[in-house]
Amino acid sequence: MRAADLLTILTKSPKKTDYQGVFLAQDQKLIPVTRIQINESYQFIFVFEQGKAPLAMKEIFLFLMKNREKAVYYQSKEELIPLYGVKEIENKVVI
């Protein structure tokens, strides 16, 4: 999924809700995105770290808008995984 596609999903919610954040479902827990980075291969990566402050949606939107053409990945236990889709649980976007 490209950053532009994720931005469209986040801004065109059919429920017209404001999302609280982007989360990773892991071991029956929701872990918030704490950082976004672009690596040396110019890949857009969501980083999820337990115990750290979540990244504000405003910052997530800003990164997505600035990097529209980049493919989105997320980091799970030292592994980079391409983002293919998201789901909505209450007012949270879950990977």
Checklist entry - Is there any salt bridge (Lys or Arg N to Asp or Glu O under 4.0 Å) pair reaching into residues 39-48, and which pairs are they, with sequence neighbours excluded? => result none
Item to check | Minimum-distance pair of heavy atoms, taken over all atoms of Ile60 and Leu10 | outcome: CG2-CD1, 4.5 Å
Next on the checklist: Hydrophobic clustering (ILVMFWY, side-chain heavy atoms < 4.5 Å, transitive) - are Ile36 and Val86 grouped together?
Outcome noted: yes
Item to check | Rounded distance (nearest 0.5 Å) linking atom CZ of Phe48 with atom CG of Leu24 | outcome: 5.0 Å
Checklist entry - According to a 4.5 Å side-chain heavy-atom criterion applied to Ile, Leu, Val, Met, Phe, Trp and Tyr, with indirect links allowed, do Phe23 and Val33 form part of one hydrophobic cluster? => result no
Checklist entry - Would you call Val22 and Ile95 a side-chain contact if the rule is heavy atoms closer than 4.5 Å? => result yes
Next on the checklist: Test of understanding: with salt bridge (Lys or Arg N to Asp or Glu O under 4.0 Å), list the residues that count as partners of Glu49, not counting sequence neighbours.
Outcome noted: Arg35, Lys52
Item to check | Between CG on residue Leu7 and CG on residue Leu62, distance to nearest 0.5 Å | outcome: 10.5 Å
Checklist entry - Looking only at atom types and distance, does a side-chain atom of Asp27 sit under 3.5 Å from a main-chain N or O of Lys29, one as donor and one as acceptor? => result no
Scan the side chains in residues 65-76 for donor-acceptor partners under 3.5 Å anywhere in the protein, sequence neighbours excluded, and list what turns up.
unit_1 : atom_1 : unit_2 : atom_2 : d
Asn67  : ND2    : Phe63  : O      : 2.9
Glu69  : OE1    : Arg2   : NH1    : 2.8
Glu69  : OE2    : Arg2   : NH1    : 3.3
Ser76  : OG     : Gln26  : NE2    : 3.2

Next on the checklist: I'd like to know whether Tyr19 forms a side-chain contact (heavy atoms from CB on, under 4.5 Å) with Thr11, so could you lay out the CA-CA distance, the side-chain angles of the two residues, the decisive distance to 0.1 Å, and finally the verdict.
Outcome noted: CA-CA 9 Å; Tyr19 293 115; Thr11 56; over 6 Å; no
Checklist entry - For the hydrophobic clusters of this structure (ILVMFWY residues joined by side-chain heavy atoms under 4.5 Å, transitively), does one cluster hold both Leu55 and Leu6? => result yes
Checklist entry - Heavy-atom distance under 4.5 Å between the side chains of Ile9 and Met1, does that happen here? => result yes
Checklist entry - Which residues pass the side-chain contact (heavy atoms from CB on, under 4.5 Å) test with Pro54, sequence neighbours left out? => result Pro32
Item to check | Residues in side chain to side chain donor-acceptor pair (under 3.5 Å) contact with Asn91, at least two apart in sequence or another chain | outcome: none
Checklist entry - So, the side chain of Thr34 versus the backbone of Val47: is there a donor-acceptor pair under 3.5 Å, distance only? => result yes
Item to check | Set of residues satisfying side-chain contact (heavy atoms from CB on, under 4.5 Å) with respect to Ala25, sequence neighbours excluded | outcome: Leu30, Val94
Checklist outcome for this item: Here the pair of heavy atoms bringing Ile38 nearest to Phe44 is CG1-CA, 4.4 Å
Checklist entry - Quick one: CG on Leu83 to CD1 on Ile45, what's the gap to the nearest 0.5 Å? => result 12.0 Å
